[in-house]
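Per chain, numbering begins at 1; letters A, B, ... match sequence-line order. Quick caveat, the model's predicted, so the values are computed rather than measured.
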Amino acid sequence: MESNNDEPRRLDGRTVSGLQQALREQAIRAMNRGGRSHHGRGGGRHRGRPPGLRGREIGMFYRQRAMEREQQEELESFVLLQPEIIVKVQKMLSEYDSASTSTFRSEFENYFKSIRSTSFEQNMKEKLLESCVEQDDRLDEKMMIEYDEMMDNLKFQENMITREKLPVNTKKEEILNAIASNQVVLISGDTGCGKTTQVPQYVLDSYLSSGKASLCKIFCTQPRRISAITVAERVAWERAQHLGESVGYQIRLQSVLPHERGSITYCTTGILLKRLESDPLLNGISHIFLDEVHERDVNTDVVMGLLKEIISHRPDLKVILMSATFNTSTFSAYFNNCTNIEVQGTLFPVTEFYLEDVLEETKFANFPEEVQRKRPKWEKYRNKYKQSDSLDDYTSFIEPYARSVQDKYSKFVIEGIKNPNSEKINVDLLTALIFHISFNKPAGAILVFLPGYEAISKLHTSITNSKFYSAEKFKVYALHSMMPTADQKSVFSRPPENVRKVIISTNIAETSITIDDVVYVINSGKSKMTNYNPETKLQTLEEVWTTLANNKQRRGRAGRVQPGICYHLFTRAREFTMDALPTPEILRTRLESVILNLKMLRIHDVAQFLRKLVSVPDDSVVQTSIALLKRLNALDEREFITPLGLHLARLPIDPQIGKMILLAALFKCVDPITSVAANLSFKDPFYRPLGKEKLVDDIRVKFSKDTKSDHLMAANVITEYREEKRKGNERSFCYDNFLSISTLNQLEKMKGQFTDLLMEARFLESSDPTDPKNNYNSSNLDLLRSIISAGLYPNVAKVRRVKICKRRVDPRMDIITPEDGRVSFHPSSINSKQTGFEYKFFAYFMKQKSTAIYLFDTTMINPRALLIFGDGEGAGFDQLGNHFILLGDSFRFRTNRVSAEVILKLREKFDELLQKKAINPGPVDPESEDALLLGAITEVLNAGRFSGHPDYSSDEGNVM
DNA sequence: GGGTTAGGGT
C-alpha cells in the first residue's frame with residue numbers, strides 16, 4: 001500500500017521507545033526463526049538444537065522451544081476495519097479534531113490543586129483553624145435532665161443490675177481514670193467481658209453526670225456491619241432508649257444517627273476511614289474507640305496509622321483501642337507503650353482434647369496407609385526425593401512426641417498418629433466423633449469447624465447417609481457464606497429435647513455468626529486463607545493450619561452457656577508448630593484502593609506512610625499497586641493523584657470498577673454497568689445450597705442469555721428481580737432461582753449510591769440508574785461488553801481452543817493470559833459451559849490460584865474494544881511489511897495501515913476525552929464534538945463482527 | 001481434568 005515507507009513509522013504519535021523495543025523483539029524473533037530453519041535444513045540429526053546436549057537436556061530443549069513458539073504465536077491476532085467504516089470514522093475524527101478544547105471547571109480546579117499541593121500535616125493545621133467545639137451550657141443542662149430521667153427509668157435500673165455483673169464493671173473507675181489522664185488507652189478483654197457495650201457508656205455517662213455532655217461525642221468502630229447494628233441496638237436497649245437518642249449507628253447506606261452531641265455512634269471502620277478523607281481531624285469527635293483491633297483487618301491497621309499522626313494535632317482527642325487478650329503488647333508498643341487495662345472474660349471453662357485423645361475415645365484407627373496421590377510420571381520423578389523428604393520430616397517430627405506419650409495411649413493410637421494421613425481431614429473420623437458425642441454425651445449443640453465448601457459437603461453427606469442418622473434425632477446445618485443457612489434464623493433456634501443439633505461450618509462461626517447453645521466444638525485445625533504472591537502477582541487460596549489465636553476463638557465457642565468440650569483433630573505435637581497469630585491482612589493483599597485513599601488524604605509518600613504501620617507491607621506489592629494506578633491514569637508519572645484518580649478515589653469501590661462506572665456515565669449505559677459494578681464490589685446474589693451446585697450453575701447460564709458474560713448475567717438478574725418486585729413476586733422469584741433477597745436489595749442500594757455520587761461529581765444529570773437519559777445505549781450488547789473490558793483492563797485472557805468432549809458435559813478449553821500462561825474459567829463462570837464464542841478475548845476481574853489459576857468472572861470481548869480502551873506502546877510495521885498494534889506489552893494484532901491509524905487515533909482521542917472530562921466533569925452533550933467521538937467509537941465497535949479479509953477472518957470469528 | 005475462608009466503603 002504505502003511503499004514509500006521503508007522505515008518503521010509511528011502510527012500513534014507517542015514516544016518511540018516502545019516501538020523500538022517491539023521492533024527489536026520482532027527482529028530477534030525473525031533471527032531465531034531463520035536460525036532454526038537453517039539448522040533444520042542443513043543440520044541433519046540435530047534439528048536446530050545446540051550441539052553438546054545430552055539425554056534429558058535434549059527433551060527439555062525441545063519442550064522449551066515448543067512452549068516459546070506456541071506462546072508467541074498465540075498472543076498474535078488480527079484486526080481489520082472495513083473500508084466504509086474507516087471513511088466514516090475518519091470524517092468524524094477530523095471534525096472532532098477541529099472542535100476540541102478543554103478547561104478546568106474552576107471550583108474543581110481549586111480542590112484538585114489543594115489536594116496535590118497540600119501535605120497531610122498542612123491540611124490538618126488548616127482544618128484545625130476551622131474546628132473548635134465549644135461547650136454549650138444550655139445543651140448540657142438539657143442533657144443532664146434527660147440523664148436524670150433515664151436513671152429514674154425502671155427499665156434502665158433493671159438492666160443496670162445485669163450490666164453491673166459484667167467483669168468490665170470491676171474496672172470502671174480504673175478505665176475512666178486512665179482515659180482521663182492518657183490520650184491513648186488499650187483495653188483488652190475476652191469475649192463476654194462487656195468492653196464493647198459498657199466502656200463507651202461509662203465515658204458518656206461521666207460527661208452527662210458532670211454537666212459537660214456537649215463536649216462528648218463518641219465514635220466506636222466495628223470491623224463488621226452487623227456488629228455495628230447489633231451492638232448499638234443492645235446499648236440503646238440497656239439505656240431504655242430507642243436508637244437515635246444517645247446511641248446510634250452508621251454503616252454503608254444505612255444509619256440511625258444519634259444526637260449530634262452527648263452520644264455514641266457505632267460505625268464500621270470503613271465509615272471512619274471515608275470520613276477521615278474530608279475530615280482528617282475528626283472535627284467535634286471527642287473519643288474514638290477502635291474495637292477488635294486484634295483482628296488486624298486492613299482498615300483497622302490503616303486507621304491506627306492515621307490516628308497515630310492525628311493525635312498530636314488533636315491533643316483533646318481520646319483514642320481507646322479494644323482488643324482480645326492476645327498480642328496486646330504490639331498495640332501498646334505501637335502507641336508509645338500506652339496503658340493497657342486487662343479485663344477477664346465470662347466464658348465457661350472448656351476442656352480440650354487432641355487427636356490422640358479422640359482416637360482413644362472413639363477407637364478410630366482407619367487411616368489410609370498409602371501415600372496415594374495421582375500424579376503425572378514426570379512430576380513423580382522430579383519430586384521423588386522431595387516427597388520422601390517430607391515423609392521423613394513428618395516422622396522426625398512425630399516420633400519424639402509419640403515416644404513421650406506411648407505409655408498414656410493404646411498402641412493403635414500411637415500407630416495412628418504416626419501415620420501422616422492422620423493429619424488430613426478425615427470424614428469417617430469426624431462422623432464417628434459426632435455420633436460418639438451424640439450418643440454418649442449430655443445435651444448440647446456440636447459445632448464443627450472445617451476449611452471450606454468441599455469438606456462441609458462431604459461431611460454433611462457422610463452424616464446424613466450414616467445408619468446412625470435419623471431426621472427425628474438430628475438437625476444438621478451447613479454454614480458457609482454462600483449457603484442460605486447463614487442468612488436464616490433457624491440455625492440459632494434450640495432444637496427440641498432429644499434432638500442433637502450439629503452445625504458444620506467454616507470460620508464464619510468463629511466471629512461473624514454466634515450460636516449460643518454450642519457445648520461441643522470440633523476443630524479440624526484447618527482453614528483457608530488468601531495470600532498474595534508479589535513475584536507471580538497472583539492471589540492464591542490455600543488450606544493452612546489454624547493459628548493458636550484461631551484455636552482459642554474456636555474453643556471459646558463451646559463455653560457460652562455452660563462448661564464445654566473442644567476436640568482438636570490434631571496432635572499436641574502439631575499444636576507446638578502452629579503460629580501464634582494469623583498474618584495481618586495488609587500483608588496478604590493488593591493495595592490499590594488503600595494507596596489511592598491515602599493520596600486523597602494528601603499523603604503523597606505512601607510507601608513511607610505504610611512503613612509506619614503496625615505491619616509493613618512488602619515494598620514490591622506497593623510498587624506493583626502504584627504501577628497499576630499509573631496505568632489506570634489515576635496517578636501521574638510522579639505518583640501524584642490525577643483528576644481522574646480523584647474521581648475514582650471518591651467512589652467507594654476499587655479504582656478499576658470506578659473507571660467502569662465513569663465510562664458508563666459517559667456512554668449512557670448506567671443501569672447495566674452499575675449492576676455489574678455493584679456485583680463485583682459486593683457479592684454474588686446466588687446461594688449455593690448443598691447438593692444444588694449444578695442446578696445453580698444451570699440457572700446462571702439461563703440468566704446469562706446470549707451475553708457470554710458473567711457480569712451481564714448479574715445485570716440481567718438485577719433487572720429481572722426489579723421487574724418481579726414490581727409485580728410483588730420477588731420472594732418466589734428468589735426462592736426458585738436460589739437468589740438472596742437481602743443481597744439483591746443491597747446491590748440495588750449500591751447502584752443508587754453510585755449514581756448519586758456520579759451526579760454529585762456532575763457526570764450524570766439524573767441520579768436514577770434506570771432513567772432513560774442515563775441509558776440510551778443500555779441495550780447495545782457489544783458496547784456494554786466493551787465498557788466492562790475498559791474498566792477491567794488490563795485483565796485480559798485469550799481462549800485458544802474450545803473442544804467439546806464426549807465424556808463430559810462441559811467443554812474443554814485452552815486459555816492463556818500473558819502474565820500467567822495457562823489459566824481456566826472457574827467452573828462457576830457461565831463461560832466454562834459455553835461454546836461458539838464470537839471473539840477469543842475475555843475480560844475478568846477476579847483471578848485466584850487454587851487447584852489451578854481460575855478466572856472467576858469473565859466477559860467475552862470484541863478485540864476492537866481492547867485496542868481502543870487498552871494501552872500499549874508499540875505499533876508500526878515489521879520487515880515483512882505487516883502492520884501491527886501491540887496491546888499492553890504482549891498481545892499483538894496484525895492489521896493494515898488505515899485500520900491501525902483509525903484505531904490508535906480513537907485510543908488517543910478517548911484518553912484525552914477522559915482527562916478532559918475529569919477536569920471538567922459533565923455529561924456528554926449529544927450535540928457536542930465529544931458525542932461525535934463516542935459515536936465514532938460505537939461505530940467501530942458495532943462493526944466489529946465483520947471481517948473483510950479472508951486471511952484474517954478466523955481470528956475475529958468463531959472459536960470452537 | 002475442572003469448584004469459594006471471612007470481612008469492608010461519608
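Neither OP1 nor OP2 of B:dT4 sits under 4.0 Å from any side-chain N or O of A:His480. For A:Ser824, no side-chain nitrogen or oxygen approaches OP1 or OP2 of B:dG1 to under 4.0 Å. Of the side-chain N and O atoms in A:Tyr453, none sit less than 4.0 angstrom from OP1 or OP2 of B:dT5. Neither OP1 nor OP2 of B:dG8 sits under 4.0 Å from any side-chain N or O of A:Gln222. OP1 or OP2 of B:dG9 has at least one side-chain nitrogen or oxygen of A:Arg225 nearer than 4.0 Å. The side chain of A:Arg252 places no N or O atom within less than 4.0 Å of a non-bridging phosphate oxygen (OP1 or OP2) of B:dG8. The side chain of A:Lys274 contributes no N or O atom lying less than 4.0 Å from OP1 or OP2 of B:dT10. OP1 and OP2 of B:dA6 both lie 4.0 Å or more from every side-chain N or O belonging to A:Ser512. One finds no side-chain N or O of A:Thr269 lying less than 4.0 angstrom from the OP1 or OP2 phosphate oxygen of B:dG9. One finds a side-chain N or O of A:Thr506 lying less than 4.0 angstrom from the OP1 or OP2 phosphate oxygen of B:dA6.
Looking at heavy-atom distances under 4.0 Å, A:Gln250 makes contact with sugar-phosphate atoms alone, never a base. Among the protein residues, A:Leu541 comes within range of the nucleic acid bases, having at least one heavy atom under 4.0 Å from a base atom. Heavy atoms of A:Asp654 sit under 4.0 angstrom from at least one base atom. If you check every strand for non-hydrogen atoms under 4.0 Å, A:Thr851 touches sugar and phosphate atoms only. At the heavy-atom level, A:Asp857 lies nowhere under 4.0 Å from the strands shown. Using a 4.0 Å heavy-atom cutoff across all strands shown, A:Phe682 reaches no nucleic acid atom at all. At a threshold of 4.0 angstrom between heavy atoms, the contacts of A:Ile653 include nucleobase atoms, whether or not backbone atoms are also involved. Within 4.0 Å (heavy atoms only), A:Asn507 reaches at least one base atom of the nucleic acid. Using a 4.0 Å heavy-atom distance criterion, A:Pro582 is classed as making no nucleic acid contact. Looking at heavy-atom distances under 4.0 Å, A:Ser278 makes contact with a base. Nucleic acid contact class of A:Leu651 (heavy atoms, under 4.0 Å, all strands): base. If you check every strand for non-hydrogen atoms under 4.0 Å, A:Gln753 touches sugar and phosphate atoms only.
A:Phe845 has its CZ atom 18 Å from the P atom of B:dT4, to the nearest Å. What separates CG of A:Leu281 from P of B:dT10 is a distance of 20 Å, to the nearest Å. To the nearest angstrom, P of B:dA6 lies 18 Å from CG of A:Asn299. In this structure, A:Leu855 places its CG atom 14 Å from P of B:dG3, rounding to the nearest Å. Nucleotide B:dG7 holds its C1' atom 16 Å from the CG atom of A:Leu290, rounded to whole Å. One can place CG of A:Leu282 at 15 Å from P of B:dT10, the figure rounded to the nearest angstrom. The CG-C1' distance, from A:Asp301 to B:dG8, rounds to 14 Å in whole Å. Atom P of nucleotide B:dG9 and atom CD1 of A:Ile595 are separated by 21 Å, given to the nearest angstrom.
There is no side-chain donor-acceptor pair under 3.5 Å between A:Thr583 and A:Arg296.
The side chain of A:Lys528 lies closest to B:dT4, out of B:dG3, B:dT4, B:dG7. Distance from the side chain of A:Thr530 is smallest for B:dT5 among the nucleotides B:dG3, B:dT5, B:dT4. For A:Gln848, counting side-chain heavy atoms from C-beta on, the closest listed nucleotide (B:dT5, B:dG9, B:dA6) is B:dT5.
Between A:Phe763 and A:His647, the ring planes lie perpendicular to each other; the angle is over 60°, past the 30° to 60° tilted range. Between A:Phe112 and A:Phe108, the two ring planes are parallel [angle under 30°; tilted spans 30° to 60°].
Of the two residues contacting DNA chain B, namely A:Ile271 and A:Lys694, the nearest-nucleotide position lying further toward the 5' end is that of A:Lys694. Both A:Ser593 and A:Gln539 lie near DNA chain B, and the one whose nearest nucleotide falls closer to the 5' end is A:Gln539.
Counting atom types as modelled, A:Glu295 pairs no side-chain N or O with a base atom of B:dG7 as donor and acceptor under 3.5 Å.
Residues A:Phe326 and A:His294 place their aromatic rings such that the two centres sit under 6.0 Å apart. Centroid-to-centroid, the aromatic rings of A:Tyr266 and A:Phe289 stay 6.0 Å apart or farther. No close placement of the A:Phe120 and A:Phe609 rings is indicated, their centers lying 6.0 Å or farther apart.
The list of salt bridge (Lys or Arg N to Asp or Glu O under 4.0 Å) pairs with a residue in residues 591-601 of chain A, not counting sequence neighbours, reads A:Arg590-A:Glu592.
With sequence neighbours excluded, the residues that form a salt bridge (charged side-chain N to carboxylate O under 4.0 Å, His left out) with A:Arg275 are A:Asp279.
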